[in-house]
There are 2 protein chains.
Amino acid sequence: MPEQTTGPRPTLEAVAARVGVSRATASRVVNGGAGVRPPLVEKVRRAVDELGYVPNHAARTLVTRRNGAVAVIIAEPEFRIFSDPFFEQQVRGISRELTAHDAQLVLLWVEGPGDHDRIARYLGGGHVDGALAFSLHNDDALPAVIDRTRIPVVYGGRPAPGTSPAVPFVDCDNRGGAREAVRHLVDLGRRNIAHISGPDDQTSALDRLHGYRDVLVDADPTLLSRGDFTEESGARAMAELLDRRPDVDAVFVANDLMASGALLTLRERGVRVPEDVAVVGFDDMASVVRRTSPSLTTVHQDIEDMGRLMVKLLMRLLDGTGPVPPASVITPTSLVLRDSA
Amino acid sequence: MPEQTTGPRPTLEAVAARVGVSRATASRVVNGGAGVRPPLVEKVRRAVDELGYVPNHAARTLVTRRNGAVAVIIAEPEFRIFSDPFFEQQVRGISRELTAHDAQLVLLWVEGPGDHDRIARYLGGGHVDGALAFSLHNDDALPAVIDRTRIPVVYGGRPAPGTSPAVPFVDCDNRGGAREAVRHLVDLGRRNIAHISGPDDQTSALDRLHGYRDVLVDADPTLLSRGDFTEESGARAMAELLDRRPDVDAVFVANDLMASGALLTLRERGVRVPEDVAVVGFDDMASVVRRTSPSLTTVHQDIEDMGRLMVKLLMRLLDGTGPVPPASVITPTSLVLRDSA
DNA sequence: GTTCGTTCTGGGAGCGCTCTCAGAGGGTGG
DNA sequence: CCACCCTCTGAGAGCGCTCCCAGAACGAAC
């Protein structure tokens with residue numbers, strides 16, 4: 001129980017004085033106690049407890065040039081990115097890993113280009129050791145802004161090809177996962193396998209499309225339809241597909257939400273799943289997968305783990321450990337078989 | 001365009017040297033320029049731009065004892081509190097207002113009592129000037145932990161009666177809003193007005209129940225049913241109500257999500273809304289209200305504004321402006337008439 | 001021309017910490 | 001018993017900034 005419950009917070013000086021050692025020794029104990037004799041360590045530790053000493057963060061940062069904080073940059077274009085379950089999981093992973101590294105999460109919410117200046121100033125001002133950002137749209141100017149601050153950064157999701165070459169990122173194996181999904185449909189004996197893709201300004205959507213094409217090299221363009229990752233767009237894309245190609249017998253959908261929409265359309269039209277049309281999604285998003293009927297076969301990715309990996313990568317960057325330019329991480333995906341395919 | 005694009009960041013000293021003034025004068029300019037002759041101000045400003053000088057946050061904090069950061073404490077009991085649209089709006093309001101005050105948002109994610117120690121240490125360590133927290137469950141030990149750090153804090157939502165007396169909070173007028181909703185149903189000529197309440201360990205649920213009772217002082221207990229703020233629980237509660245009191249002709253539901261569930265049950269049973277049973281919700285949550293059929297009459301509260309108010313209150317606390325003990329804010333609600341009542 | 005007042009500027013201390021470097025202390029071997 | 005080495009500790013500088021206070025500069029009033 002700290003005895004000094006009021007007044008100014010005790011300093012390291014106070015701790016040292018109480019024990020009768022120098023500030024340097026007290027500092028050593030507070031920072032792990034290496035090179036200090038055990039009995040002294042014990043005495044200092046006790047003094048710390050008794051006084052309720054907590055290191056002054058600003059003073060420490062001033063000399064170490066490290067402040068134990070990482071910015072998470074959340075750009076909100078038109079959507080409610082924050083309440084997206086995908087995001088929630090990723091941020092949870094980030095938060096947990098950051099805690100494990102004794103680092104703090106500073107949330108930087110970017111609402112538009114008007115905020116870029118503020119963000120640049122903040123990142124450049126040394127408030128944080130590094131930053132985590134997410135690649136959302138290929139035409140976003142934000143990556144360039146972040147890059148200019150020369151602060152270490154790790155992206156969630158592969159950035160657009162145009163951006164600076166050595167930006168480390170963490171992404172799941174979108175292309176490989178897509179391949180596996182499509183191959184599964186091929187193995188099922190399906191002949192006319194369609195694809196509902198996501199917006200073409202997002203690398204994840206593009207990569208999944210590429211995966212589809214890897215397997216079905218000369219797929220007919222009429223088997224392709226585009227959505228925008230929303231449920232409604234999936235329903236619409238499925239309807240178009242059905243109109244254009246009534247002989248379609250399978251569809252690989254670029255995410256679960258659109259797959260859910262596609263399933264709705266199929267049911268409406270009296271098409272049986274998986275008997276008439278097999279459906280495979282992507283993401284394995286619990287909230288969606290659970291409530292579709294039939295339950296959705298989909299490509300699983302461990303989103304929380306991707307968040308953790310982002311932090312690990314950043315920490316390695318900050319430590320100076322790890323390769324330069326830093327390597328990115330592609331996490332594996334796995335096909336989860338349920339009833340829809 | 002800063003000319004020093006590499007190497008160590010320029011210090012105030014460098015700026016001063018470039019202009020040929022003292023560090024003190026340069027500091028004055030950087031902090032507003034009061035008491036410095038205009039031409040000198042101009043020269044220093046230019047030097048700041050040319051060198052790309054950004055004040056060192058740690059050094060500034062060390063002497064001012066203010067660090068321009070506020071913790072937002074998010075406790076996650078069993079639910080996905082993060083992806084709750086309610087939360088998103090509130091945090092958005094907080095973020096915007098914080099930005100307006102040039103303050104940063106540090107996210108503290110509490111996953112359980114095991115984190116309390118860490119949180120207490122962080123808050124007590126002077127990393128942040130103040131904190132914002134949300135009152136979730138009355139039995140939560142977190143408020144006590146926060147209180148013990150003696151850090152200024154403002155709550156979102158009225159804390160449980162048991163907690164320390166002078167905790168400032170921002171909450172909407174749950175009770176008044178409920179009264180208005182129920183009065184509307186009375187004015188519609190409804191006789192058997194039921195209430196589906198929320199969990200009784202949350203003050204918002206309790207307050208709304210009180211509002212209902214304020215108007216219907218001797219309402220029959222059989223007209224009361226309890227849910228847990230989820231859609232499913234609303235559906236279930238409505239079913240119970242219908243079984244118990246087939247003569248029910250109106251229901252005030254403690255939140256929109258449960259109201260949506262209730263509407264589902266009513267439709268299933270072939271009960272017409274609003275002809276047979278009028279329904280009023282609470283929250284005016286865009287994502288819910290939009291998709292119910294019929295569209296939901298509900299009590300509106302400005303959640304984003306509540307977030308902003310939390311920050312304003314905290315800032316006043318930090319400035320030493322404002323009353324002591326600090327006053328809480330109850331924001332007004334308004335009934336939004338749509339088709340369900 | 002002297003004195004007083006007002007406005008501006010600079011010197012310097014100090015915020016609380018880390019870290020280098022030198023030296024104290026104590027053990028070991030010859 | 002002395003020289004030497006290794007381990008542990010303390011003195012002190014310095015991180016970049018703010019702010020107090022003394023003093024410079026200049027004008028106005030006598």
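In this text the structure is predicted, and so the values were computed from the model without any measurement. The sequence lines fix the lettering, A, B, ..., with proteins before strands; numbering per chain opens at 1.
Put simply, the side chain of B:Thr64 gets close to the backbone of B:Arg60: a donor and an acceptor are under 3.5 Å apart.
With sequence neighbours excluded, no residue forms a side chain to side chain contact (heavy atoms under 4.5 Å, CB included) with B:Asp102. Shown here are the side chain to side chain contact (heavy atoms under 4.5 Å, CB included) partners of B:Ala24, two or more places apart in sequence or in another chain: B:Ser22, B:Arg28. Residues satisfying the side chain to side chain contact (heavy atoms under 4.5 Å, CB included) criterion with B:Asn67, sequence neighbours excluded, are B:His57, B:Thr61, B:Ala69, B:Asp129. Partners of B:Asp117 according to the side-chain hydrogen bond (donor to acceptor under 3.5 Å, both in side chains) rule, which considers only residues two or more places apart in sequence or in another chain, do not exist here.
A close approach under 4.0 Å does not occur between any side-chain nitrogen or oxygen of B:Asn56 and OP1 or OP2 of D:dC15. At the phosphate of D:dG16, OP1 or OP2 sits under 4.0 Å from a side-chain N or O atom of A:Arg65. Close to C:dT18, at under 4.0 Å from its OP1 or OP2, lies no side-chain N or O of A:Thr64.
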Scan nucleotides 6-9 of chain C against the protein and return all N/O pairs shorter than 3.5 Å with their distances rounded to 0.1 Å.
{"residue": "C:dT9", "atom": "OP1", "partner": "B:Arg37", "partner atom": "NH2", "Å": "3.4"}
{"residue": "C:dT9", "atom": "OP2", "partner": "B:Arg37", "partner atom": "N", "Å": "3.3"}

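With rounding to the nearest 0.5 angstrom, the CG atom of A:Leu313 is 6.5 Å from the OG atom of A:Ser328.
Comparing the start and finish of the helix from C:dG1-D:dC30 to C:dG30-D:dC1, five pairs each, the helix axis swings through 50°, to the nearest 10 degrees.
When rounded to the nearest whole Å, the span between CG of A:Asn31 and C1' of C:dG16 equals 13 Å.
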